[in-house]
Amino acid sequence: MDTYFATPDRSSEDELKNEIEFISNNSVIDGLLHSVSGLLAVLNSQRQILAVNSMLLEMLKIDDVEAVLGFRPGEALKCVHADEMPAGCGTSKYCSTCGAAISIVTSLTSDIPAEKECAITTKENSNRDLFFRVRCVPIQYEQKRLLLLFLQDITYQQRLTALERVFFHDINGIITGLHGACHLLSKSMDTDEIRDLSRTIQTCSLRLMSEISVQQCLSNTGTTAYQPIYTVISVTQIFQELKALFGNHAASKNKSLVLPKDDVNIALNTEPSLLLKILTNMIINAFEETPEGDEVRVWCEPSEDKINFLVWNRKSIPPDVARRIFQRNFSTKAKIGRGLGTFSMKLFGEDILGGAVDFTTSEKEGTVFCFSVKK
């Protein structure tokens, strides 16, 4: 197969040379390239670059425009998927979910402007995550079909919005737990029950303080500056806290969280708040894909030097989503600020705690997310 999405064909060497010469000698296109603020490229009908403006060259850190002429946008941006197929950008399995590829193909096939948002991982600086708003405008000029590609780099805006969304999402979950415990406490007359509810409130309060500390550090300096505070905690304690948290959580309404019945007396040296943050995100994601009356299962599988925490739900993940599920900024929700839920699992689980996050999915077995961490 030559392509999984867009057409693989390119202009011949002579055709491309003539197209580039036509653009370079065209005063209208030249004026457009010099007058438009922002990132702009002119493409042919085979999605190859014929011209770019100076701002795009600067963003690509390229001095000579010849270095990008004839390439497709993903190839010029050094997208990690651009060379997975012989025909290059637009033809891999990942391209059917790429906002830039979709807007380009839509604009070329429908002959109307198209706009999408695009999450892209480049090979630059050990896989750099970028986020663009992409607008494609087809034009006919002197019987030649061209495409104007406008790129707006909103990576920083997306990062701040996404971190804010994740932060308030997690905070709301903790506050929900606090509110539920307080409500039950006000109605309880049993001493043991009061003791348990008080412990839940204390735990949620400590997690709330931790969430604020983590958010402040990430917003100001990024993950590399955050230093986890390790302490010893048992797996049973982790499961008890998850049980308390989701006992009154909105995500689990009319659904069941199935935890191990027996105590798991295995000690972990980790930062409990981050471990709980990872598992909480996994469980909430599972509940979001679980219908009322169904269940989400959580268990662990210890080995000699590590322990695997697993979260299962019955629904499988579509292949096109599964390929990008850990990519920063990628989301099936068409809103800026999304796409950090599963990415944050990797962020906290691997970059900070030094574990490993992965998943398996199938229609028969459902979906299982796994976080492996050293004891």
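Computed over heavy atoms, backbone and side chain alike; hydrogens, waters and symmetry mates excluded.
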Exercise. Any sub-3.5 Å donor-acceptor pair from Asn53's side-chain atoms to Gly38's backbone N or O?
Worked result: yes
For this session: State whether a side-chain donor-acceptor pair under 3.5 Å links Ser12 with Asp14.
Result: no
For this session: Examine distances only and state if a side-chain atom of Asp263 and a backbone atom of Thr236 form a donor-acceptor pair shorter than 3.5 Å.
Result: no
Exercise. Hey, does the side chain of Trp312 reach the backbone of Glu365 with a donor-acceptor pair shorter than 3.5 angstrom?
Worked result: yes
Problem set entry | Residue pair Arg324 / Cys98, side-chain heavy-atom distance below 4.5 Å | yes
Problem set entry | Stepwise salt bridge (Lys or Arg N to Asp or Glu O under 4.0 Å) check, Glu75 with Arg10 | CA-CA 13 Å; Glu75 296 157 1; Arg10 296 178 186 255; 2.5 Å; yes
For this session: Kindly assign one of parallel, tilted or perpendicular to the pair Phe246 and Phe287, based on the angle between their ring planes and the thresholds 30° and 60°.
Result: tilted
Exercise. For Glu289 and Asn313, does a side-chain donor sit closer than 3.5 Å to a side-chain acceptor?
Worked result: no
For this session: Under the side chain to side chain contact (heavy atoms under 4.5 Å, CB included) rule, what do Leu276 and Leu242 come out as? Steps first, then yes or no, please.
Result: CA-CA 8 Å; Leu276 284 166; Leu242 290 174; 3.9 Å; yes
Exercise. Does any N or O in the side chain of Ser107 come within less than 3.5 Å of the main-chain N or O of Ile112, such that one atom is a donor and the other an acceptor?
Worked result: yes
Exercise. Side chains of Val42 and Leu148: closer than 4.5 Å at any heavy-atom pair?
Worked result: yes
Exercise. Just checking, any donor-acceptor pair under 3.5 angstrom between side chains of Thr91 and Thr3?
Worked result: no
Exercise. For the side chain of Lys255 and the backbone of Thr290, is there at least one donor-acceptor N/O pair under 3.5 Å apart?
Worked result: yes
Problem set entry | Between CG on residue Leu268 and CD1 on residue Ile238, distance to nearest 0.5 Å | 7.0 Å
Exercise. Between Arg72 and Ala87, is there a donor-acceptor pair closer than 3.5 Å when you use the side chain of the first and the backbone of the second?
Worked result: yes
For this session: Output yes when a side-chain donor or acceptor of Ser103 lies under 3.5 Å from a complementary backbone atom of Val134, and no otherwise.
Result: no
Problem set entry | Expected output: side-chain Asn26 to main-chain Phe22 donor-acceptor under 3.5 Å | no
Problem set entry | Residue pair Lys315, Asp294: steps toward the salt bridge (Lys or Arg N to Asp or Glu O under 4.0 Å) verdict | CA-CA 11 Å; Lys315 188 176 179 181; Asp294 206 345; over 6 Å; no
Problem set entry | Test item: Glu350 side-chain N/O and Val357 main-chain N/O as donor-acceptor pair under 3.5 Å | yes
